[in-house]
Structures are given as C-alpha cells and as structure tokens.
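Chain letters run A, B, ... following the sequence lines, proteins first and then strands; every chain starts at 1.
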Protein chains: 2
Amino acid sequence: MATPSAAPRVGSRRQRSAPVSESRYDRRLSEILVHATEVFCKKGYEGASMRDLSRESGMSLAGLYYYFESKERLLYLIQKHTFSTIVQRLKSRLENVSDAEQRVRIFILNHLEYFLANQAAMKVLSHEDEALKNGFGAEVAAIKREYYRICVGLLDHLKRDRRLQFSTRIAVLSLFGMMNWIYTWHNPRVDADAAAIGGEMGDIFLRGVLGADTK
Amino acid sequence: MATPSAAPRVGSRRQRSAPVSESRYDRRLSEILVHATEVFCKKGYEGASMRDLSRESGMSLAGLYYYFESKERLLYLIQKHTFSTIVQRLKSRLENVSDAEQRVRIFILNHLEYFLANQAAMKVLSHEDEALKNGFGAEVAAIKREYYRICVGLLDHLKRDRRLQFSTRIAVLSLFGMMNWIYTWHNPRVDADAAAIGGEMGDIFLRGVLGADTK
DNA sequence: ACTTAATTCGAACGAGCGTTCGAATTAGCC
DNA sequence: GGCTAATTCGAACGCTCGTTCGAATTAAGT
C-alpha cells in the first residue's frame, strides 16, 4: 500500500522510487493504513481519535507516530493511494478499447468494481473530501481533477461520435453522483455485484445521454 | 423554523401544536438553528464545536443550552425540520398532477429547488447522515424512509403505465445520487439554477428509464 | 556475543471538548 | 416602580483530543 521504502524516521522522505522488495517498514505501514481506513470509514475522520486507531491496529498510541507525523497525513496517505490506484487501473483498462460507448461503460465498471471491493477506502475518499487542509488537500484534489477530466474526455468523445447535445459538466457530475452515492446504501447481502449494478447504471445513464440527439 | 412555542426550560416539551404567533423563544431558536446549520455545513458536525456555534450565533456558550439540551439534539432539530419541510412541499406539489412522468419531474424539481435554496441545511442532511445515534437517528431515518418510499411509488407508477422493466431500487438510488451529489460541486456563480439543472437531470434519468421497454 | 540501528511504548503535555450551575441581567405585567 | 419569570452569561467541571519525549525493547549485521 505504501510506496516508500527503507528509511527510518518520519519526516525524512524516502527516495528509491522502485522498491526492490517491500521492507518491514512498508508492510507495517500498510497494515496501519488498512486499519485506519476501517476506523475512518466507521467513525469519520473528525470522529475517529488516534486512540481508536491505536486500539484497532494493535499498536501503541506513540508507536503510530513512528510511521506518520500527524493524523492529517495519515488521511492523506489513504486518499492518495486509493485515488492513484483507481486512476491507474482505469488507464490500463481503457488502453485496448476505442469504441466511445464501450469506453464509458468501462469507466463505470472500473469505478464501481473498485468502489465495492474497497468500500471503506472509497467511503473515506468520498465522504472526507474537504477534511484535508492546504497542501495535503491540493495534491489529492489534483488527482481528482485528472480523474474528472478523463471522464469529461470520454463523454466529449461520445458526443462528437454520435452528434449529441447535452451539458458535459452536468452529465459527468450526475454520473459521479449515481456511482459515488452507493456508499450510502450498498448492502452486500441484498444488492448485486459491481458488474450488475454497473450494467443497470450504465443502461440508465447511456440511454439518457444517447437520447440527446442534435435537434 | 422551530415548531414549538411558549415554554421556558429545556427538556419540558411544548404542547400547543398550532402556534398562534411565533414567540420570542421560537424566533431566537430559529436564529440559532440557522447559524448552527451554517457552521455544521462549513466544518461538519464532529468538526464544529459548541464554541464555534456560540461565536457564530452571537450568544454565550452557556446561553445556547437554554434552547436545546445537547449538540446532538441541535443536529436533530435541523435535520428533522429540513426533511419534514421538503416532504411536505413535495406532497402539496404532487396533489394536482396525475401524469406519471410529470410526477417524477416534479419530484426532481422539488428536490433540487429546495436543495439549492437551502444548500447548507441539505448538505448537513446529506453529509451527516450517520451522525445521530439511536433515538434521534431513528426519527430522522423514518422521515427519510417515507421520502424514499414516495419516490419508489412514483417510479413504480411510471413502470406500470409504460410497461417498463428495470430495478426500481437501483433507479431510485441512482436518482438520489445524481441529485444529492450536487452539494459537492454546485457553484452558484458558474452553474445554472434548479430548474435548468433539474431539466437536464430529468432528461438523462427519464430517457434512461423510459428506454427500458419490456423485451 | 556484541554493537548499532530500527522499532515500540508508558507517561505526560497543553489545548479544546460538551456540559453544568448559580448568579446576573433583561423583559413583561400590575 | 416593583415583582416575577424568562433569558443570558462567566467560570468552572471532568474528560478526551493530537502530539511529544526519553527510555525500553527488538531485529540485523558482524
């Protein structure tokens, strides 16, 4: 989960960008991140205390600070990793597909699959959107903007191809709304899997925008 | 904003259900609720302190407790009032319309109009969904369920009328997602008004579900 | 086995939290 | 103007918060 590798004290940044093998430090940090994600998901960022995180991850309160310098940076690490991963997977999946409609369907499927497979992390990402201040927030916001721009690109492509007319902005944000809202209602014991839900949402959304012919 | 009227100490509930004229107490409580909504919207329920609320509303910290017995009850009052109002407005607007598609459009318009006219309150309602514990939470959840059931009813009506086939649950929750997500992106200086956005969303959503003919 | 560096922890810090209480102030009524 | 009840407030309560520090423990290299 954690990219850096093999340096001791917090604050001093790691340098090797290609970690040959995951160090002990990295593995432990990843574990903590997983537990922290669960706690942030359950109690919210503000509502979760460092003592909660300590209890959940089985490490002493002070021990946590060996791995990151503040609670805020912890949230940053979770958000950055989650978002980077979903963008990277999307890009790789889009590589071999050129049909405009198929590309939108892949976007939806990728988003929902990752969302449901990593519900806690994605809830933290969606729900704690404004929790990070200044520098931390800006970096995550940049990834988010890139992700948003990709979706805009896909829909503009579709619009051009089929000569459609609709507001790309509203369409993209509506689609994100449909998908992201899932964290408030999805129940794995009741609801279908990502492929099925993605299919239904894709049907509704795509019929919706494809029906918007040029007058 | 506050329904009760004309009793002094917190805890003792008010009785007159038809307040002839808004008492001083009610007016002051409403003011506090408005300011508190703003603060909860800006900093989140957990992130906002009673001292923040005191500063914003211009009343001393202790003075606030003359009007409600806890921070949690304050959130409850805000959520309950907001939700009740939107449901009540919806019902009155639906009274004179019988066409199934028109009724869905009214639902969307009502939701977005109220959302954009009371952005702070609706963000608190959407974002602080799980903040209330036990009793308080249950009562708000009941209103929410009623609102949800109304929307299910509208879509089932549409399905029956036009002999469509789609999952009502997914459709309803997708629609709520599209609409509620607006609190994360709407910018009054850039984006259109509720009628225009509601039109676009209604087009996408309705073409989406209306296209789902029985095979 | 010994040394050095990496990791973990108990205990404490000051600050801020939600809430309470009794006294002070104000408004409404004769 | 004086009385009563409604309203407001300063000061403090006990508690939890995020963070720090120095010492104790563990792992790694020789």
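Side-chain atoms of A:Leu77 and A:Lys80, non-hydrogen and from C-beta on, never get closer than 4.5 Å to each other. Side-chain contact between A:Trp185 and A:Asp191 is present, with heavy atoms from C-beta onward closer than 4.5 Å. Two residues are said to be in side-chain contact when any heavy atoms from C-beta on lie closer than 4.5 Å; A:Met50 and A:Leu53 meet this criterion. Side-chain contact between B:Lys144 and B:Asp129: present, with at least one pair of heavy atoms (C-beta onward) separated by less than 4.5 Å. The side-chain heavy atoms of A:Tyr45 and A:Val124, taken from C-beta on, include no pair separated by under 4.5 Å. A:Phe166 places none of its side-chain heavy atoms less than 4.5 Å from the side chain of B:Ile204. B:Lys159 places none of its side-chain heavy atoms less than 4.5 Å from the side chain of B:Val209.
Rounded to a whole Å, the CD atom of B:Glu72 is 14 Å from the C1' atom of C:dT19. Atom CG in B:Leu74 sits roughly 11 Å away from atom P in C:dG18 (whole-Å rounding). A:Ile32 has its CD1 atom 11 Å from the P atom of C:dT7, to the nearest Å. In this structure, A:Tyr65 places its OH atom 7 Å from P of D:dG18, rounding to the nearest Å. Spacing between atom CZ of B:Phe68 and atom P of D:dT7 amounts to 15 Å, rounded to whole angstrom units. What separates CZ of A:Arg27 from C1' of C:dT7 is a distance of 13 Å, to the nearest Å. Atom CG of B:Leu64 and atom P of C:dC21 are 17 Å apart (whole Å). Note: OH (B:Tyr25) to P (D:dT8) measures 11 Å, nearest angstrom.
Evaluation of the ring pair (Phe, Tyr, Trp, His ring centres under 6.0 Å) rule for B:Tyr76 yields B:Phe136 as partners, not counting sequence neighbours. Residues satisfying the side chain to side chain contact (heavy atoms under 4.5 Å, CB included) criterion with A:Arg105, sequence neighbours excluded, are A:Glu101, A:Gln102, A:Asp203, A:Leu206.
End-to-end axis angle of the helix from C:dA1-D:dT30 to C:dC30-D:dG1, from C1' rotation axes over five pairs per end: 20° (rounded to 10 degrees).
Ion pairing between A:Glu200 and B:Arg169 fails under the 4.0 Å rule for side-chain N and carboxylate O. B:Lys42 has no carboxylate O lying under 4.0 Å from a charged side-chain N of B:Asp52, or vice versa, which leaves the two without a salt bridge.
Among all heavy-atom pairs drawn from A:Ala36 and A:Ile78, the shortest one is CB-CD1, 4.0 Å.
Look at B:Tyr66 and you'll find a side-chain N or O under 4.0 angstrom from OP1 or OP2 of D:dT7. A sub-4.0 Å separation between OP1 or OP2 of C:dT8 and a side-chain N or O of A:Tyr67 is present. Between A:Arg28 and C:dT8, a side-chain N or O to OP1/OP2 separation shorter than 4.0 Å is present.
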Derivation and outcome, salt bridge (charged side-chain N to carboxylate O under 4.0 Å, His left out), residues B:Lys43 and A:Glu130: CA-CA 9 Å; B:Lys43 318 186 105 184; A:Glu130 296 169 319; over 6 Å; no
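Using a 4.0 Å cut-off on heavy atoms, the residues of residues 47-62 of chain B that approach DNA chain D are B:Arg51, B:Met59, B:Ser60, B:Ala62, listed by number. The stretch residues 128-135 of chain B has no heavy atom under 4.0 Å from DNA chain C, so no residue of it qualifies as close.
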Reading nucleotides 24-30 of chain D from 5' to 3' and marking B where a protein heavy atom lies under 4.0 Å of the base, S where only the sugar-phosphate is that close, and - otherwise, the string is -------
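Of the candidates A:Lys123, A:Lys71, A:Glu46, A:Lys71 is the only one forming a side-chain contact (heavy atoms from CB on, under 4.5 Å) with A:Phe40.
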